[in-house]
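Input: a single structure, listed below in structure tokens.
Chain A is the first sequence line, chain B the second, and so forth, proteins listed ahead of strands; every chain is numbered from 1.
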Amino acid sequence: MPTALSVVIDALPYLLQGSLLTASIVVAAMLLGLVIGTFMAVGLVYGNKVVRYLLTLYLWIFRGVPVVVLLFLFYFGIFNFFGLPFSAFTAVTIVLGMTTGAYQANIFRGAILSLPQGQFKAASGLGMTDSQAIRCIILPQILRISIPAWSNEFSIILKDSALAFVIGAPEIMARTQFVASRTYQHLAMYITAGVIYFFLTWAGVMALRKLEQHVRIPGYSYNGSR
Amino acid sequence: MNDKHSILKCTNISKSYDDQLILSNVSVELTKGEIKVLIGPSGGGKSTLLQCINCLVIPDSGKIVIEDHPIHLTRKPDLYRLRQQVGMIFQDFNLFDHLTALENITIALCKVKKLDKPAARKRAQIELEQVGLADKATLYPAQLSGGQKQRVAIARALAMDPKILLLDEPTSALDPTLIGEVISVIKGLADKGMTMIMATHQISLINNIADEILFMEKGRIVEQGAPSVLLGKGNESRSQGFCDKLNDLAAVEG
Amino acid sequence: MNDKHSILKCTNISKSYDDQLILSNVSVELTKGEIKVLIGPSGGGKSTLLQCINCLVIPDSGKIVIEDHPIHLTRKPDLYRLRQQVGMIFQDFNLFDHLTALENITIALCKVKKLDKPAARKRAQIELEQVGLADKATLYPAQLSGGQKQRVAIARALAMDPKILLLDEPTSALDPTLIGEVISVIKGLADKGMTMIMATHQISLINNIADEILFMEKGRIVEQGAPSVLLGKGNESRSQGFCDKLNDLAAVEG
Amino acid sequence: AGKLVNGIDANFPPFAFIDKTGQPSGFDVEAMDWVAKEIGMEVSHQPIEWDGIITSLLTKKIDIIASGMSITEERAKKVNFSIPYWVIKQVMVAKKDSSLTIDDILNGKKAVGVQQGTSEAKWIKQEAAKKGWNLKLHYYSSAPLAVEDVLNGRIDAAAMDDAPAKDAMGKKAVKIVGTFGMHDEEFGYAVRKEDTELLKKVNAALEKLMGTPEWTALIEKYELNK
Amino acid sequence: MELSPFYQELFTSLNRGVIMSVALIVPSAVGGVLIGILAGTVRTFGSRIGRAIGDGYAAVFRGTPLVVQLFVIYFGLPNLGIYFTPYAAAVTGFTLCSGAYQSEYIRGALLSIKNGQYFGAQALGFTTFQTIFWIIVPQAIRRAIHGCGNEIIYLIKYSSLAFIVTCIELTGEGKTIATEYFRFTEVFTIIGIYYLVLVSLAMLILKKIEEWLYIPGFGHH
Ligand SMILES: Nc1ncnc2c1ncn2[C@@H]1O[C@H](COP(=O)(O)OP(=O)(O)OP(=O)(O)O)[C@@H](O)[C@H]1O
Ligand SMILES: Nc1ncnc2c1ncn2[C@@H]1O[C@H](COP(=O)(O)OP(=O)(O)OP(=O)(O)O)[C@@H](O)[C@H]1O
Ligand SMILES: [Mg+2]
Ligand SMILES: [Mg+2]
């Protein structure tokens, strides 16, 4: 009977391959979410009634429905219906991106609302158009403020990416189960997966810390970075 | 140039928020080089009026004509053009917190006036020198004192070559020890003939530079006249109580 | 009671932050009913000194004696006792934002003085009346004007029956139109014989109630004396430039 | 030559699992390789979450399921099955040193683990109600986890297919107590209803394979008859 | 209206599952908030050791997937002689994980309280503990309420992971039916609607709590 340790050591390269898949899903989904979230936040704050109503509906659905369900609906339902030939990887990335986009929109909206109104007024007062004011004055400030909340979102999506296997993209968690089912070393394998996730989270959070310090401006004491 | 010809003419400006009338049929006219001061109790509508003049708040009705060009209140490009010609200074400065003093000035020059970077920097440097802050160009707003922030805000507005300057209580967020520097910059502008309309209760500004005082209460201009008249001893009008208080405060300060 | 006997005695207070000496060997003594005013340029250490007196900032060295009881700077209970006897008013009020005006006063009475609820409410009501805010008892800080907030802060400090009141620029965060009400409350306290030490540049306070002015610069008291002497025309000392500026400002205000 | 994608449940050793090198492996995988070769097609094996496996087949993400799937009426409404290739018995598994008999387990107020959603889970529940067995059912997300809890002592026995039970015996201190009266089940390959051509070829190849010595060798290799 | 046997069975199971879900979510949400407040406060104001412990707790429970945490609690701890029932294991795991996230929101909120509030209380003679407990925390909770609400909504959706520890709730019941009939798409769509209702309900309750805690000057813009 192989020992727990030898099983873990044997499985490590296989799991680490999976973490590459996990990492690329997370990075792609977070970036997609960033784009969606930014546009949505601007729409939610500055848009007209119809835009705000539609975006709120989007927020409600994507925050209210579990990601597994969304994944099923999009991968087997909507993408299929429109004949979109997305691979499992693309599909997961899009669904996770759209989900985190909703959460990020909420984060950014909060940040925009927390900016003093004067910032927008001052920009308008100088003759900037609304879109110039948003691009040059509002977004650079709120993206900075949002980094800590964004890092929370990152660690959540990192773990949500395990759902990729539901549609056949075997990332860390799925691989962990495969090895455990074959070797019956469940506990050791799950702990190993936990450690890998822990380091992935840690690496991401540290990178964001660095970014946060890099773009820091005197006079802000952003939460969570004393 | 005909100095008596009005540079800005606002007629019958009205504005309400949630059924509450904040401004009712207010008219203001400015000729080149003229300086008007708005005074009156808190909530009287001074800030709202100033923001209506450059359409940061769009009036519900009324007409705005700048240098004989009427402004369409519903046409965005018209508003952008208006705001380029009317500079504004806020009570709490509203510098862009993520940009240095210099960048605060260049960003509008680049984006709005479409200057190229070097030209914008040159112009910004000149304006900073004018307000005595050439050496603070690379500091962020959080690293400046209140008086310095307000002076950057003034430099930023002036860099756009405005025809008119609106000032909304430019000194009231400042420590008593910092007010002096801002007052002297404003006085300098007055000396150079800048057309201005400002809300302030700073007696020294009112006494020394105002051509006319407008007393606002409950959304109307209830009284207007030269400082000597309104603040004079014999004034028996509606604004009397308020003006007495202003005079008292000045006396206490002395 | 012997009025000449000192009620508070701080000796050789020093404090540095990150190797930077902010206060160096500052000594202050107060007798009952005495009022001292701290003036001086920004960053001179006025706020730090006031906060050292009630140990909000623990001095690196020095001695504090209140009513002949020396305070052990390292013993928490001693500090809590000291702070109960020394009230403090801050520039930006520091009212508890989640409590109403009344609760702001009762919470300290209940938690620190261990009064029961009804007794605390009664006392708080009395203090609010004293500062003319009996009708605002149920409002939250966000619903009060600056002047009203500062008056609640004063009432809150007074409810603790302090022996001494420390005031750190109590009017400088207020709009010019709101300063008056706070000044008159402070003057009222002076008339009643409250012992106070305050940092302020409000000329009317300095001229009318100060027994002595302490001029602070770079962490030291470089000059002290009666207002008439320090602010008088013939003053040729180190503080001259600053006092002239204060006088100028007052003149400008007139 | 056409290409076939075979969807497998890689948590089902010895029929389908991921081997040490990270490659799909198992009795069904090797058999399918032989069948594909026989009908002149290339086959790849795609591990996929069991929950989504039939939907994946129907939406053409995969073309065939050769992965220990029992032929049931419900499934047959959606897909077509090949000829049965294996008969599976349902057994009870208990600790190696346990002295429990099948009767003890069914009528001795024992705790019994099953994988949720399986046919044995449904059958035991129905029969227990009919015959008045007083056992208590615990539902697990996979059979190996039920075995894990047999060892932990939370449950007294686990009901499962005999093949994975034998697999577990080789790796953990458990034994098979015996069958408990449930009807046998048959495994078959599943294909889409419209792929009648494919089904014909697969059936022919499968029939041929079952007559060759390779088939017995495979059974030997994966210890299905031990 | 007569439902087909499939739907009859489905809805009976889902209704049973939703009760279990609520039984899991409510104590975990409440426990998570309480632990979050405690851990967040310790992580901000605690002693060096307290902070280290709090930060370690938050790092582990935010850094590892909930599945792994549940697995270790349920299948791992028996190795140490600690046996949790499925329900207890699920609630423990959810509470600890949620508490870690909540502590982060609370910490952020605590840091956003201006230190003037702290000084104001100290100057009146409050002890440090009194200051934190009576002045700082009540304000921070009001600031953090949006974040905490988000976390509770996440918790509702994560509660489906209870199936790992054999605790069968909404998703688990649905999956059982779905595997029996192999009708995943329909079942999951209906489960999605159940969750949407649960989440909307939670949002409603959170809004009520928010209104109940509302004080002029906090939260609302
Ligand atoms: N965005 C808004 N929505 C609703 N009411 C508003 C808004 N802005 C201003 N008001 C109201 O309009 C009135 C006039 O406000 P305004 O700021 O113009 O007064 P003010 O004369 O500048 O007072 P102050 O001296 O305090 O600055 C006030 O009663 C204020 O409450
Ligand atoms: N917590 C701190 N850490 C480091 N330096 C500090 C701290 N608090 C105050 N200082 C420094 O101590 C010096 C004195 O500050 P203080 O606030 O006492 O001056 P002040 O005389 O009250 O000035 P002002 O008139 O601007 O209030 C300043 O240089 C300030 O930067
Ligand atoms: Mg105003
Ligand atoms: Mg100070």
Using the side chain to side chain donor-acceptor pair (under 3.5 Å) rule, collect all pairs that involve residues 115-126 of chain B, keeping only residues at least two apart or in two chains.
->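 Sorted pair list: B:R123-B:E127, B:R123-B:D161.
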Can you tell which of B:L166, B:L99, B:V112 has the highest number of heavy-atom pairs within less than 4.5 Å of chain A?
->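 If we count pairs closer than 4.5 Å to chain A, B:V112 comes out on top.
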Looking at B:A108, B:P141, B:A159, which one has more heavy-atom pairs under 4.5 Å with chain A than the rest?
->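 The residue among B:A108, B:P141, B:A159 with the greatest pair count is B:A108.
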When you look at NZ of B:K15, are more than 12 heavy atoms from neighbouring residues, nucleotides or ligands closer to it than 6.0 Å?
->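 Yes, the 6.0 Å shell around NZ holds more than 12 heavy atoms from other groups.
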Got more than 12 heavy atoms from elsewhere within 6.0 Å of NZ, B:K36?
->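 Enclosed: over 12 neighbouring heavy atoms sit under 6.0 Å from NZ of B:K36.
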CG of B:N54 to NZ of A:K121: how many Å apart, nearest 0.5 Å?
->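 Reported to 0.5 Å precision, the distance equals 9.5 Å.
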CD/A:Q141 to CG/B:D97 distance, rounded to the nearest 0.5 angstrom?
->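 One gets 5.0 Å once the value is rounded to the nearest 0.5 Å.
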Just checking heavy atoms, which of residues 122-140 of chain A are less than 4.5 Å from chain B?
->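 Near chain B, by residue number: A:A122, A:A123, A:S124, A:G125, A:L126, A:G127, A:M128, A:T129, A:D130, A:Q132, A:C136, A:I137, A:P140.
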Residue-level interface, residues 86-93 of chain A with chain B, non-hydrogen cut-off under 4.5 Å =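 So no residue qualifies.
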Pick one of side chain, backbone, both or neither for B:K76, based on which atoms fall under 4.5 Å of a heavy atom in chain A.
->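 The answer is the side chain of B:K76.
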Identify the residues of residues 77-96 of chain B whose heavy atoms come closer than 4.5 Å to a heavy atom of chain A, ordered by number, or report 'none'.
->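 The list, in residue order, reads B:Y80, B:R83, B:Q84, B:V86, B:F90, B:N94, B:L95, B:F96.
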